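Beneath this line is the structure, given in structure tokens, with notes to follow.
Remember, predicted model here, so these are calculated numbers, not experimental data.
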Amino acid sequence: MNALKPADLSLWKGRKDENLGRPNYWYEMVKASALEKLKPSANKQLAILGYAVDEGVKRNQGRVGAIDGPDAIRKMLAILPNHFQSQTEILDFGNVICVDEDLDATHSNFSKTVSQLLSQGVFSILLGGGHDIAYAHYTGIRQFLDGQEKSQTIGIINLDAHFDLRNNKNGNTSGTPFFQISQDCKTKNQAFEYCCLGIQRSANTQTLFNTADELGVTYLENTEYTIEHWAEVKNCLNSFLQKVDKVYLTIDLDGFSSAYAPGVSAPSPMGFAPDIVLKTLDVLIESQKLISVDLAELSPKYDQDNATARLAARLVHYLVSR
């Protein structure tokens with residue numbers, strides 16, 4: 001079975017409005033694409049790639065359903081208005097899937113695709129799927145940057161209730177991606193720069209806090225990652241950004257309060273709110289260091305009124321339309 005399912009354009013549909021010389025909605029702009037068809041363009045190019053996998057969630061004893069996350073987000077992206085400031089192409093590359101429960105092979109396929117997309121100069125928006133997408137995504141960015149003449153440091157910013165730093169001695173899961181990255185960095189003598197915002201005491205063991213401290217992880221707990229503490233959050237972000245050349249942003253939707261994101265693998269009633277995330281995105285946009293982004297852990301069968309999928313789509317819209 002092919003590990004990459006082609007784009008399904010039937011997901012991209014919406015209302016018909018009078019067109020005054022430009023597309024009104026994203027669904028009118030999106031095109032199915034493939035790596036072999038991708039060519040450099042004078043226009044801004046956005047690549048949509050799905051990670052339709054919840055094998056990592058299952059292994060981590062989470063509630064499964066994230067396999068349907070990418071397509072649910074696509075449906076909500078489709079109906080968003082076109083507010084791009086310049087000519088923009090939206091290219092859908094389909095979904096990477098997990099064949100025969102082989103998560104390592106899935107990660108390898110995904111990483112290779114990410115690296116190839118970045119090599120063509122497109123900005124990638126990757127849709128999960130379980131948060132093990134982070135290991136594959138980071139590895140793809142690393143492969144791309146290692147092919148450049150100048151060595152560059154990647155800073156990971158994870159908006160999440162969980163560190164996802166579990167030891168992977170019993171296998172890779174959605175709870176191990178950043179531990180895996182730390183070990184790869186150690187092997188390659190590269191800096192492990194990891195900033196996690198929204199951490200919850202009730203969602204992480206003391207062992208995980210100890211691991212974070214041992215690895216030099218920068219983090220703010222959910223009680224600090226709030227709009228009321230914006231000055232502290234901004235200082236934390238700016239200090240972290242000064243240490244790195246490129247930023248990889250990963251948003252675990254279960255970090256949001258379940259009032260905003262009920263349809264996730266692990267609901268979080270004490271999670272953060274969208275306002276602090278939008279302020280965070282502003283800082284990352286202004287830094288001009290953001291290289292790629294993903295959103296993880298949407299589980300549509302638990303969603304209410306597509307609230308979580310809408311939230312994911314509107315975060316993407318905010319990030320790329322500015």
Side-chain angles (χ1 to χ4, degrees), residues 7-33 38-50 69-94 117-118 120-128 157 159 227 230 234 237 246-251 253 256 260-261 263 272-296 298 300 303 305-322:
D8 178 3
L9 291 185
S10 70
L11 299 167
W12 297 88
K13 54 189 176 183
R15 65 163 54 95
K16 300 285 186 181
D17 286 347
E18 183 181 0
N19 191 318
L20 299 177
R22 60 178 265 157
N24 288 309
Y25 300 102
W26 278 36
Y27 83 88
E28 298 173 293
M29 303 170 64
V30 71
K31 298 177 181 177
S33 192
L38 186 58
K39 297 179 181 179
S41 172
N43 298 330
K44 179 179 180 180
Q45 291 182 307
L46 302 178
I48 306 289
L49 177 66
D71 287 352
I73 298 175
R74 282 183 173 94
K75 291 177 181 178
M76 295 301 105
L77 286 171
I79 58 178
L80 293 176
N82 171 20
H83 290 311
F84 290 107
Q85 302 301 310
S86 59
Q87 288 292 108
T88 301
E89 300 173 25
I90 303 175
L91 308 174
D92 189 348
F93 289 82
L117 288 173
L118 293 174
Q120 294 297 319
V122 302
F123 186 80
S124 300
I125 303 161
L126 311 180
L127 310 176
I157 294 182
L159 309 185
I227 204 70
W230 172 241
K234 187 176 181 180
L237 283 167
K246 298 293 183 183
V247 171
Y248 153 44
L249 172 65
T250 178
I251 303 175
L253 294 165
F256 284 93
Y260 305 105
F272 44 73
D275 55 2
I276 188 65
V277 173
L278 296 183
K279 296 279 280 185
T280 299
L281 295 183
D282 286 340
V283 172
L284 299 185
I285 293 167
E286 290 168 9
S287 77
Q288 298 186 334
K289 293 184 177 184
L290 190 60
I291 188 172
S292 194
V293 61
D294 66 47
L295 301 99
L298 170 64
D303 212 0
D305 298 325
N306 296 312
T308 315
R310 291 180 193 275
L311 173 63
R314 293 185 186 194
L315 290 172
V316 171
H317 188 258
Y318 186 87
L319 184 64
V320 301
S321 297
R322 297 169 67 77

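Partners of Ala261 by side-chain contact (heavy atoms from CB on, under 4.5 Å), not counting sequence neighbours, listed by chain and number: Phe256, Val264, Thr308, Leu311. In this structure Ser33 satisfies the side-chain contact (heavy atoms from CB on, under 4.5 Å) test together with Lys37, Leu91, Phe93, sequence neighbours excluded. Under the side-chain contact (heavy atoms from CB on, under 4.5 Å) criterion, Asn43 pairs with Ser41, Gln87, Glu89, sequence neighbours left out. Considering only residues two or more places apart in sequence or on other chains, Asp71 meets the salt bridge (charged side-chain N to carboxylate O under 4.0 Å, His left out) condition with Arg74. Evaluation of the side-chain contact (heavy atoms from CB on, under 4.5 Å) rule for Arg15 yields Asp17, Tyr25 as partners, not counting sequence neighbours.
Judged purely by atom type and a 3.5 angstrom limit, Lys44 has no side-chain atom pairing as donor or acceptor with the backbone of Phe123. In this structure, the side chain of Asp303 engages the main chain of Ala309 through a donor-acceptor pair within 3.5 Å. At least one donor-acceptor pair closer than 3.5 Å links the side chain of Asp8 to the backbone N or O of Ser10.
Here the side chains of Phe272 and Thr280 are not in contact, with every heavy-atom distance at 4.5 Å or above. Annotation: side chain of Leu127 is not in contact with side chain of Leu298 (no heavy-atom distance under 4.5 Å). The shortest side-chain heavy-atom distance between Tyr260 and Leu253 does not fall under the 4.5 Å cut-off. The closest side-chain heavy-atom distance from Asp282 to Lys234 is not below 4.5 Å. Contact of the Tyr27 side chain with the Ile79 side chain is not registered, since no non-hydrogen atoms from C-beta on lie closer than 4.5 Å. Using a 4.5 Å heavy-atom cutoff, the side chains of Thr88 and Asn82 are not in contact.
Under the 30°/60° scheme for interplanar angles, the aromatic rings of Trp26 and His317 are found to be tilted.
With rounding to the nearest 0.5 Å, the separation of CD in Gln120 from NZ in Lys39 is 11.0 Å. One finds the CG atom of Leu319 at 5.0 Å from the CD1 atom of Ile285 (value rounded to the nearest 0.5 Å). Rounding to the nearest 0.5 Å gives a distance of 10.5 Å between CE of Met29 and CG of Asn24. Ser287 OG to Leu237 CG: the interatomic distance, rounded to the nearest 0.5 Å, is 9.5 Å. Once rounded to the nearest 0.5 Å, the distance linking CD1 of Ile125 with CG of Leu315 reads 11.5 Å. Interatomic distance, Ile73 CD1 to Asn306 CG, rounded to the nearest 0.5 Å: 11.0 Å.
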Residue pair Ile48, Val316: steps toward the side chain to side chain contact (heavy atoms under 4.5 Å, CB included) verdict: CA-CA 11 Å; Ile48 306 289; Val316 171; 5.6 Å; no

Steps toward side chain to side chain contact (heavy atoms under 4.5 Å, CB included) verdict (Leu281, Leu249): CA-CA 9 Å; Leu281 295 183; Leu249 172 65; 3.5 Å; yes

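The side-chain contact (heavy atoms from CB on, under 4.5 Å) test with Ile157 singles out one residue from Leu284, Thr250, Val293, and that residue is Leu284.
Every pair tested for salt bridge (charged side-chain N to carboxylate O under 4.0 Å, His left out) that includes a residue from residues 22-31 fails, sequence neighbours excluded, so the list is empty.
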